[in-house]
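Because the structure is a prediction, the values reported are computed rather than measured. Note that these values count all heavy atoms, side chains included, but never hydrogens, waters or copies made by symmetry.
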Amino acid sequence: MSLDAAERLDYDALTDSLGLSIDPELLELALTHRSWAHENGGMPTNERLEFLGDSVLGIVVTEELYRANPDLAEGTLAKMRSATVSQKALASVARDHAVGEFVKLGRGELVTGGREKDSILSDTVEALIGAAYLTHGIEPTRAMVLRLTHALLETAAGGTAGLDWKTSLQELAGQHGIAAPFYEVEGTGPDHDRVFTATAIVGTFRGTGTGTSKKAAEHVAAEAAYKAIAKAIG
């Protein structure tokens with residue numbers, strides 16, 4: 001699919017921000033959400049590129065953490081990786097580079113704020129990584145991924161508390177003889193705009209959070225419960 005001059009200028013602004021050129025057709029595909037494709041006769045979507053980009057992101061971040069932290073145990077490295085490649089983290093990367101402005105969305109997603117949804121933003125970042133990999137191969141893409149995730153890796157290196165709130169909450173409860181956490185989750189809204197509310201229950205402590213997936217809502221709820229317990233025990 002060809003790009004007109006105005007579209008190309010906009011896309012150049014995006015790739016300039018990402019720091020790496022991407023084949024124009026692959027770039028357009030990476031920015032094509034399934035909602036737009038469905039409304040335009042079943043065009044190809046960015047989901048295959050997202051699948052590829054997820055793997056590339058995973059190996060680059062894993063290797064970086066492994067090499068940069070030779071004394072850390074596997075469990076700690078796994079927490080750091082999880083925090084760096086989480087939906088919330090990748091959505092923050094997307095916002096830093098205004099990715100949402102370029103995503104091609106269907107009308108339904110547009111009217112429900114799709115350009116700001118963590119799930120759409122994080123998936124698009126992974127698709128862009130996949131497109132970069134197909135354009136340039138691993139080394140240029142590795143450099144791009146490390147630039148995009150630099151702040152996240154710095155945060156992870158600063159300490160492991162809160163990298164995985166659900167695990168941290170479980171460990172905190174165990175340390176203080178509190179019952180193991182469990183979660184209650186409810187979903188509201190139509191399928192295309194589902195919002196989940198989770199409650200983390202840890203003995204007499206509660207934490208509540210919302211998100212566009214059950215996992216994201218539970219993560220926020222676990223953080224709230226962790227902080228409530230930490231405050232209570234001083």
Treat each ILVMFWY residue as a node, draw an edge where side-chain heavy atoms are under 4.5 Å apart, and state whether [X] and [Y] are in one component.
X      : Y      : result
Val220 : Leu172 : no
Val85  : Val99  : yes
Phe51  : Met43  : no
Val103 : Val111 : no
Val60  : Leu134 : yes

Determine the minimum heavy-atom distance between [X] and [Y], stating which atoms define it.
X      : Y      : result
Phe196 : Gly187 : CD2-CA, 3.7 Å
Ile22  : Leu128 : CD1-O, 3.9 Å
Ser213 : Ala216 : OG-N, 3.1 Å
Val185 : Ala198 : CG2-CB, 3.9 Å
Gly100 : Arg115 : O-NH1, 2.8 Å
Asp118 : Arg95  : OD1-NH2, 2.7 Å

Subject >> Over 12 non-hydrogen atoms of neighbours within 6.0 angstrom of CD in Glu186 >> reply: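 Result for CD/Glu186: open.
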Original post:
Counting heavy atoms not belonging to His38, are there more than 12 under 6.0 Å from its NE2?
Top reply: no
**OP:** Each residue besides Val195 in its hydrophobic cluster should be listed here, by chain and number; the cluster joins Ile, Leu, Val, Met, Phe, Trp and Tyr at side-chain heavy-atom distances under 4.5 Å.
**Re:** none
Distance from [X] atom [atom1] to [Y] atom [atom2], nearest 0.5 Å?
X      : Y      : atom1 : atom2 : value
Thr45  : Trp36  : OG1   : CH2   : 11.5 Å
Leu57  : Ser122 : CG    : OG    : 10.5 Å
Glu47  : Leu52  : CD    : CG    : 14.0 Å
Asp54  : Ile59  : CG    : CD1   : 12.0 Å
Leu20  : Tyr133 : CG    : OH    : 14.0 Å
Ser119 : Leu121 : OG    : CG    : 8.0 Å

**OP:** List the steps, then state whether side chain to side chain contact (heavy atoms under 4.5 Å, CB included) holds for Leu152 with Ser92.
**Re:** CA-CA 9 Å; Leu152 300 172; Ser92 72; 4.1 Å; yes
**OP:** Only one of Glu39, Glu109, Glu28, His33 passes side-chain hydrogen bond (donor to acceptor under 3.5 Å, both in side chains) with Lys104; say which it is.
**Re:**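 Testing each of Glu39, Glu109, Glu28, His33 against Lys104, the sole residue satisfying side-chain hydrogen bond (donor to acceptor under 3.5 Å, both in side chains) is Glu28.
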Original post:
Do NZ/NE/NH1/NH2 and the carboxylate oxygens of Lys166 and Glu223 come within less than 4.0 Å?
Top reply: no
Subject >> Single hit among Ile201, Val202, Thr199 for side chain to side chain contact (heavy atoms under 4.5 Å, CB included) with Phe182 >> reply: Ile201
**OP:** I would like to know whether Thr124 and Asn46 meet side chain to side chain contact (heavy atoms under 4.5 Å, CB included); could you show each step before the answer?
**Re:** CA-CA 7 Å; Thr124 305; Asn46 64 3; 4.1 Å; yes
**OP:** Please collect all side-chain hydrogen bond (donor to acceptor under 3.5 Å, both in side chains) contacts where either partner lies in residues 60-69, sequence neighbours excluded, each pair once.
**Re:** Thr62-Arg81, Glu63-Arg67, Glu63-Arg142
**OP:** Go through the steps for Ser21 and His136 under the test side chain to side chain donor-acceptor pair (under 3.5 Å), then give the verdict.
**Re:** CA-CA 9 Å; Ser21 64; His136 296 286; 3.2 Å; yes
Side-chain donor-acceptor pairs under 3.5 Å in residues 205-212, sequence neighbours left out?
from   : atom 1 : to     : atom 2 : distance (Å)
Arg206 : NH1    : Gly203 : O      : 3.0
Thr212 : OG1    : Gln87  : OE1    : 3.4

